[in-house]
Amino acid sequence: MSKVLKIDKNVHEGVRELLRSFLENKKVKGVFALKKINENGAVAYSLITNPNMVEAILPFFPFMPANAGKLLSHLTLTGSLKGPIAAVVRPCELRAFVELVKREQGSLENFLFISSSCGGVYSLEKSVNGDLSTDSELWSKYWDGVKNPENQMADVRPTCKACEHFLPYSADMTVLLLGNKAIDTECKISLNTDKGEKFADGAKGEFIEEEIENEALKLFRNKRIEEKKRLFAESQIEKFGMDGLIKTFGRCIGCHGCSNICPICYCNLCTFDSRDYEWEPSTYETEIEKRGGIRVPPNTVFYHIGRLTHVGISCVGCGLCSDVCPADIPLSTIFLKVGESVQKVFDYLPGKDVEEAIPLTTFETEELTEVED
Amino acid sequence: MSEHRKPNTEHRNWQPKIIAFLCNWCSYAGADLAGVSRIQYPPNIRVIRVPCSGRINPIFVLKCLQNGFDGVLVSGCYPGDCHYISGNYYARRKFAILKTLLEFIGIEPGRVQFSWVSAGEGEKFAQVVKKVTDDVKKLGPAKRFVKRV
Ligand code: SF4
Ligand code: SF4
Ligand code: FES
């Protein structure tokens, strides 16, 4: 059983009311959330301090303009923010932030994390060409899918439909969305930590006890696990070999959008953008000599394999790489599948617990003898 | 596959090219000892000396395979003996991750091997090289991850 704050408003209004009261009562210094930025339905993450601006916050707008984890890392890269900040983020974004904090790229201090049982987001493509706004058909369809596991979010990204980590692991508050048929009239917020309870104290609403893991959530989870199996099987990654790699990655145009958007790729200068990665003229010459011809620029497949070795262990599967790829490469499926097999070696779930070290930064003296020959 | 790469791979007397990353403090010295003691081992390895097995970036291994090496050997100090205390433990973890990845890209496990050899083990070094060479010979030339047009 968890302690739950129940507000008699729809989920969006309920969360806005809570955020407004935080600002007005000076419980927080700022609010970080998705905010409407114009009338065409565009939203962006924003950090606001003025309670009057809360009106424009759309806490669960089904679009991910960036991984919030990466943004929060930017905000706290050289130290923590002074005032408490209430941050409304999705579970995979929170996991990405935790992962970045473990890599010393940010600080969790002074944040109140508000997350939700997540229904996923639409693709970038669907979201930016004006089809998605609060009075669009996509919007109502989305909420229909969130309420009802049967019409499991028809058009959200494949990554989201196959995401089983839709409950946040380290949020102070979880807004209960998935499978909750009453979200149009009530806003239920589970208070997961002492901090969450402390902040909720005095809020307008009723405090009740409720089981979070209910039947509807189980249904969602099973459906998503099934979908993940299907997606992984369809990708045929095990059988890749060089031909598969060329087939899949060969159409990459080398924009490096995937690594730029990736929350885990935090390096200021990526190896693959660096001089290290360039060939000397003499290398070109030897290669041409040897092979009769080369693709220019070279190393397209190598870039992806290389990135897999860098981010696999920490990939939270937020799906942004697939979202931004102009060549329509199913990056997220590939990275998550390979990532999960690497994570399994160390029984590691990235971003779950900030106290748990990233496997590559620690070791056991007796382990993995099977890799030695 | 282009004509250009054929001759070398189908040659009856094909000999694998194997790159060996050897830790300066143990395996490299082990190799040295094997040499000084005139212990024979297959001449298929090309040695790169590293300060510690922990120095090895998985990208190095990938690059070797991409550039046409048929096998890669990584060798460092025994657990507990690393000159820098724990470099080899980290190396082992990196290696475990790399192995998983190699499976996905279809590189046969025997092509990339990891072993511990101390400075006093000239004999063992020769054995390791022999084993790796034999394994890679059985697998044949590496074609899977070699650069193509
Ligand atoms: S986003 Fe797509 S096209 Fe751009 S580098 Fe990544 S895989 Fe290649
Ligand atoms: S691909 Fe590797 S080097 Fe490039 S940004 Fe990501 S982690 Fe850094
Ligand atoms: S010094 Fe030899 S493995 Fe670290």
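Letters A, B, ... are given to chains in the order of the sequence lines, protein chains preceding strands, and every chain is numbered from 1. Heavy atoms only: backbone and side chains are in, while hydrogens, waters and symmetry mates are out.
Side-chain rings of A:Phe272 and A:His304 stay apart, their centers remaining 6.0 Å or farther from each other. Between A:Trp279 and A:Tyr277, the ring centre distance reaches or exceeds 6.0 Å.
Contact check for B:Glu121 versus B:Leu33: no side-chain heavy atoms found under the 4.5 Å cut-off.
Residue A:Gln343 does not touch chain B at all, counting heavy-atom pairs closer than 4.5 Å. At a 4.5 Å heavy-atom cutoff, the contact between A:Val345 and chain B is made by side-chain atoms alone.
In terms of non-hydrogen atom pairs under 4.5 Å with chain B, the most contact-rich of A:Leu308, A:Ile313, A:Val296, A:Thr361 is A:Thr361.
Once rounded to the nearest 0.5 Å, the distance linking OG1 of A:Thr271 with CG of B:Asn57 reads 7.5 Å.
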